[in-house]
Amino acid sequence: MSKITTYDFIDSNKWKTLGLIILFPLSLIGLVYLAILLLSLWGGGGPEDVPSMEVSSLDFANQLAIQILPILSVVAIAWILISYFFGQKFILSTAGAVEMTQRSAPEIIRLVENIAITAGLPMPKVYLIDDDSLNAFATGRDPQHSYIALTKGLIQKLEKSELEGVIAHEMAHIGNRDIRLMLLMVVCIGFATVIAEILLRIGLGKGKSSNKKGDYGQLLFIALALAFYIYGYLVAPLIRLATSRTREFQADATAALLTRNPEGLANALRKISKNSVVWSLSNQKTMAAMCIESPLPLNKRQSFFLKLSGLFATHPPVEDRIKALMAMDGHRG
């Protein structure tokens, strides 16, 4: 059996990114069409105040879809482009991260520069999250436009060799192009839930302003909101969970090779696992997969899918990652 190389992993991520770009608008369009069709069946083929509309529910749904779906497709594609070019700003802003410079943090910048040179990658911009917890993530659309964010606690509480291991792990995500896949995933999922909230508020607002009970426009907005909610909270998480957990093992292994010190990252993971909750990200479930360890409180990590099977977890157990690293260092058990 041939081994999977880093180049294979990069190619896999490229295909997954392309798949996500295609799947995001198509699955969203499918859900919206289904919502329109169910609404048409429920409403008997169309609004009661349009007598001339004597068409079947399916015909009416198709007519309505022809009007709505092209607009939705344009919006979805535009949002993918916005996510690709500007999504990292949204992510860094959500985390409350501020840029570190040579003047404000010379030792950290020098550490990142050394690892970037070793990895043969461009120097990423480095950001600080003002949180005493221990966590980190990388984001961006490619190695030339990449960013690493480190918590204040990580910088203060880790030894130099441990911090090098964490930075090398994030640099590996940049080199493997994990960052582009996760960037699109996080921002596209966030888009669906925000649109759902807007549509629901419009629908409820129309209900208050309308004298008709069960106004068709109100029902349409509520049906569309439901479609976006289903996408944001059911379909999109499945897409996210479908991404291979091997990316963390791959990044750990690459970091160990870059630093020539697997034990440094292993020790860092031990400390991080005891205090990884980042409060600025504690409600951002979509961003959990980006971090070196989940930033969510324990109660928010127990999703329905995680209870079904640990295989769906976005991160492998820390114990397994440490065991793999120690095996690289010649330790067993």
Inset, instruction - Check Ala95 against Ser280 and note the closest heavy-atom contact, atom names and distance. - result: O-OG, 3.1 Å
Legend entry - Check against side chain to side chain contact (heavy atoms under 4.5 Å, CB included), Thr94 and Met287: CA-CA 10 Å; Thr94 299; Met287 288 185 62; 4.0 Å; yes
Legend entry - Asp178 with Arg247: basic N within carboxylate O range, under 4.0 Å: no
Legend entry - Donor-acceptor under 3.5 Å (Ser104 side chain, Met100 main chain): no
Inset, instruction - Using the test side chain to side chain donor-acceptor pair (under 3.5 Å), find all partners of Glu197 that sit at least two apart in sequence or belong to another chain. - result: Tyr229
Inset, instruction - Determine whether more than 12 heavy atoms belonging to other residues, nucleotides or ligands lie under 6.0 Å from atom NZ of Lys152. - result: yes
Inset, instruction - Compare every heavy atom of Ala268 with every heavy atom of Val166, then report the nearest pair and how far apart it is. - result: CG2-CB, 3.8 Å
Inset, instruction - Any ring pair (Phe, Tyr, Trp, His ring centres under 6.0 Å) involving residues 153-175? Give me the pairs, sequence neighbours left out, ordered by first then second residue. - result: His169-His173
Legend entry - Interatomic distance, Ile174 atom CD1 to His145 atom NE2 [nearest 0.5 angstrom]: 13.0 Å
Inset, instruction - List the atom of Asn135, the atom of Ser276, and the distance in Å for their closest heavy-atom pair. - result: ND2-O, 2.8 Å
Inset, instruction - Would you kindly confirm whether Ile148 and Ile117 end up in one hydrophobic cluster when ILVMFWY residues are joined by side chain heavy atoms under 4.5 Å apart? - result: no
Legend entry - Polar side-chain atom of Ser146 near backbone of Gly140 as donor-acceptor pair, under 3.5 Å: no
Inset, instruction - Please answer whether the main-chain N or O of Gly175 pairs with a side-chain N or O of Arg177 as donor and acceptor at a distance below 3.5 Å. - result: yes
Legend entry - Asp252 vs Leu269 side-chain heavy atoms within contact, under 4.5 Å: yes
Inset, instruction - Return yes if some donor-acceptor pair links the side-chain N/O of Lys157 with the main-chain N/O of Ile272 below 3.5 Å, else return no. - result: no
Inset, instruction - Say whether Leu163 and Met123 are linked into one hydrophobic cluster, either directly or through other cluster members, by side-chain heavy-atom distances under 4.5 angstrom. - result: yes
Inset, instruction - State whether the side chain of Ser133 and the backbone N or O of Val277 hold a donor-acceptor pair below 3.5 Å, judged by distance alone. - result: yes
Legend entry - Test item: Ser83 side-chain N/O and Leu184 main-chain N/O as donor-acceptor pair under 3.5 Å: no
Legend entry - All pairs passing salt bridge (Lys or Arg N to Asp or Glu O under 4.0 Å) where residues 99-110 contributes a residue, at least two apart: none
Inset, instruction - Output yes when a side-chain donor or acceptor of Ser273 lies under 3.5 Å from a complementary backbone atom of Arg270, and no otherwise. - result: yes
Inset, instruction - Calculate, to the nearest 0.5 Å, the distance between atoms CG and CG belonging to Leu26 and Leu31 respectively. - result: 11.5 Å
Inset, instruction - For Ile195 and Val75, run side chain to side chain contact (heavy atoms under 4.5 Å, CB included): C-alpha distance rounded to whole Å, both residues' side-chain angles, the deciding distance at 0.1 Å, then the answer. - result: CA-CA 11 Å; Ile195 293 296; Val75 171; 5.7 Å; no
Inset, instruction - Report, as yes or no, whether the 6.0 Å neighbourhood of atom NZ on Lys125 holds more than 12 heavy atoms from other residues, nucleotides or ligands. - result: no
Inset, instruction - Group every Ile, Leu, Val, Met, Phe, Trp and Tyr by side-chain heavy-atom contacts under 4.5 Å, then state whether Phe86 and Met182 land in the same group. - result: yes
Legend entry - Hydrophobic cluster identity match, Leu199 and Val74, side-chain contacts under 4.5 Å: no
Legend entry - From CD1 (Ile129) to CG (Leu92), nearest 0.5 Å: 8.0 Å
Inset, instruction - Start with the C-alpha distance between Leu72 and Leu69, add both sets of side-chain angles, then the distance that settles side chain to side chain contact (heavy atoms under 4.5 Å, CB included), and finish with yes or no. - result: CA-CA 5 Å; Leu72 177 63; Leu69 294 184; 4.1 Å; yes
Inset, instruction - Could you tell me whether the side chain of Ser282 and the main chain of Trp279 form a donor-acceptor pair under 3.5 Å? - result: yes
Inset, instruction - Spell out, as yes or no, whether a donor-acceptor pair under 3.5 Å connects the side chain of Gln88 to the backbone of Thr139. - result: no
